[in-house]
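Accompanying notes for the structure given below.
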2 protein chains.
Amino acid sequence: MAALSQRLAAIASPQRMRIIAELMTGETHVSELARRVGMSRALLYMHLTKLQEAGFIHGHLALSEDGKALKLFELSDFSITITPASIAAALPEENEQ
Amino acid sequence: MAALSQRLAAIASPQRMRIIAELMTGETHVSELARRVGMSRALLYMHLTKLQEAGFIHGHLALSEDGKALKLFELSDFSITITPASIAAALPEENEQ
DNA sequence: TCCACCTGTCAGAGAAAACCTACACGTGCA
DNA sequence: TGCACGTGTAGGTTTTCTCTGACAGGTGGA
């Protein structure tokens, strides 16, 4: 799993928070998601990659009903609690990166 | 209080996490803190300002024993839990900014 | 064949964050 | 008076992040 600061940086973005919220409605393929959140696919890929590396979402390939290949993304289960103690506890692993 | 994405961005930094951890030992004045975390005061001010705006720390002026004016910073109490639901709930306030 | 979908990536521009150096100024003490 | 220590900020550089536009390629259906 990524370091805490990296995970927090991945989620600390209004655009990526918007993506998370959109995925709460169920798994969605990239092009459809790009339309819903109103951004280019190229940009969305960048955001999706960061969210996936941080463990908030995960993607897989699948075939649609009419036989087209789709890249589906869905939410992972996650819960992070931030307190002074949890931050201090995470510091050692930060320096390993 | 700042928007969630702004608060998370403020804490999503190894340097600022380090500052938080250092302040767990008690309130500290700026120059001393700069020595401990090994950065210039100018840079530390930038980090402290972000942490304060996000509500993680707060500062106040005080006089040292030998009569010098010191700017002391100390930790605020905080606890943030991040889940898909908390992110979705925070979206409306994001757009107000 | 052409069109409408889809995936995936790259180069480069623009904006934002992080960082350093240097300055101005104040206080206590030898 | 000079030194050591403190606060606070302005300027400019470097680095990172964000974003656009364009490309190459695949599939199904009219």
Side-chain angles (χ1 to χ4, degrees), chain A residues 2-3 5-20 22-23 27-54 56-74 94-95 97, chain B residues 2-3 5-20 22-23 27-54 56-74 94-95 97:
Chain A
S5 64
Q6 191 187 333
R7 299 196 75 199
L8 293 178
I11 206 66
S13 148
Q15 290 90 331
R16 291 194 284 269
M17 286 172 61
R18 175 76 201 288
I19 292 170
I20 295 287
E22 202 63 51
L23 288 180
E27 62 178 9
T28 312
H29 71 264
V30 178
S31 292
E32 170 65 18
L33 189 55
R35 263 178 253 121
R36 286 201 212 158
V37 300
M39 67 175 70
S40 69
R41 271 188 319 113
L43 179 54
L44 180 58
Y45 263 90
M46 185 272 289
H47 287 307
L48 290 175
T49 300
K50 291 198 176 188
L51 286 171
Q52 184 164 31
E53 286 175 349
F56 295 119
I57 65 175
H58 54 277
H60 62 276
L61 286 171
L63 288 178
S64 66
E65 295 177 355
D66 60 351
K68 291 177 182 170
L70 298 180
K71 181 69 171 288
L72 295 176
F73 276 93
E74 65 180 332
E94 291 289 332
N95 302 323
Q97 316 300 322
Chain B
S5 64
Q6 191 187 333
R7 299 196 75 199
L8 294 177
I11 206 67
S13 149
Q15 292 90 331
R16 290 194 284 268
M17 286 172 61
R18 175 76 202 289
I19 292 170
I20 295 287
E22 202 62 53
L23 287 180
E27 62 177 10
T28 313
H29 71 266
V30 178
S31 293
E32 169 66 18
L33 189 54
R35 262 178 254 122
R36 287 200 210 159
V37 299
M39 66 175 70
S40 68
R41 271 187 319 112
L43 178 55
L44 181 59
Y45 263 90
M46 186 272 289
H47 287 306
L48 290 175
T49 300
K50 291 198 175 188
L51 286 171
Q52 184 164 29
E53 286 174 349
F56 295 118
I57 65 174
H58 54 276
H60 62 276
L61 287 171
L63 288 178
S64 66
E65 295 180 354
D66 60 351
K68 290 179 182 169
L70 299 180
K71 181 68 171 288
L72 295 175
F73 277 93
E74 65 180 331
E94 292 289 332
N95 303 321
Q97 314 303 320

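Bear in mind the structure is a predicted one, so any value in this text is a computation, not a measurement. A, B, ... follow the sequence lines: proteins, then strands. Residue 1 opens every chain.
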Take nucleotides 13-24 of chain C nucleotide by nucleotide from the 5' end and write B, S or -, depending on whether a protein heavy atom sits under 4.0 Å from the base, only from the sugar-phosphate, or from neither.
-> ----SSBSB---
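- Annotation: side-chain contact (heavy atoms from CB on, under 4.5 Å) contacts of B/E74 (sequence neighbours excluded): B/E27, B/H58, B/H60.
- With rounding to the nearest 0.5 Å, the separation of CE in A/M46 from CG in A/L51 is 10.0 Å.
- With values rounded to the nearest 0.5 angstrom, A/L63 atom CG is found 7.5 Å from A/L70 atom CG.
- In the region residues 29-37 of chain B, proximity to DNA chain D at under 4.0 angstrom, judged on heavy atoms, holds for B/H29, B/V30, B/S31, B/R35.
- One finds the NZ atom of A/K71 at 5.5 Å from the OH atom of A/Y45 (value rounded to the nearest 0.5 Å).
- For A/A9, the side-chain contact (heavy atoms from CB on, under 4.5 Å) criterion is met by B/A12, not counting sequence neighbours.
- Annotation for B/L23 and B/F73: closest pair CD2-O, 3.6 Å, computed over non-hydrogen atoms.
- Between the OH atom of B/Y45 and the P atom of D/dG8 there is a distance of 4 Å, rounded to whole Å.
- Remark: B/R35 engages B/E32 in a salt bridge (Lys or Arg N to Asp or Glu O under 4.0 Å) (not counting sequence neighbours).
- With A/R41 contributing its side chain and A/A34 its backbone, the two residues share no donor-acceptor pair below 3.5 Å.
- Side-chain atoms of A/R7 come within 3.5 Å of backbone N or O of A/A54 as a donor-acceptor pair.
- Residue A/K50 comes nearest to A/A10 through the heavy atom pair O-CB, 3.8 Å, listed as atom of the first residue, atom of the second, then distance.
- Of the residues in residues 60-72 of chain A, those placing a heavy atom less than 4.0 Å from an atom of DNA chain D are A/D66, A/G67, A/K68, in numerical order.
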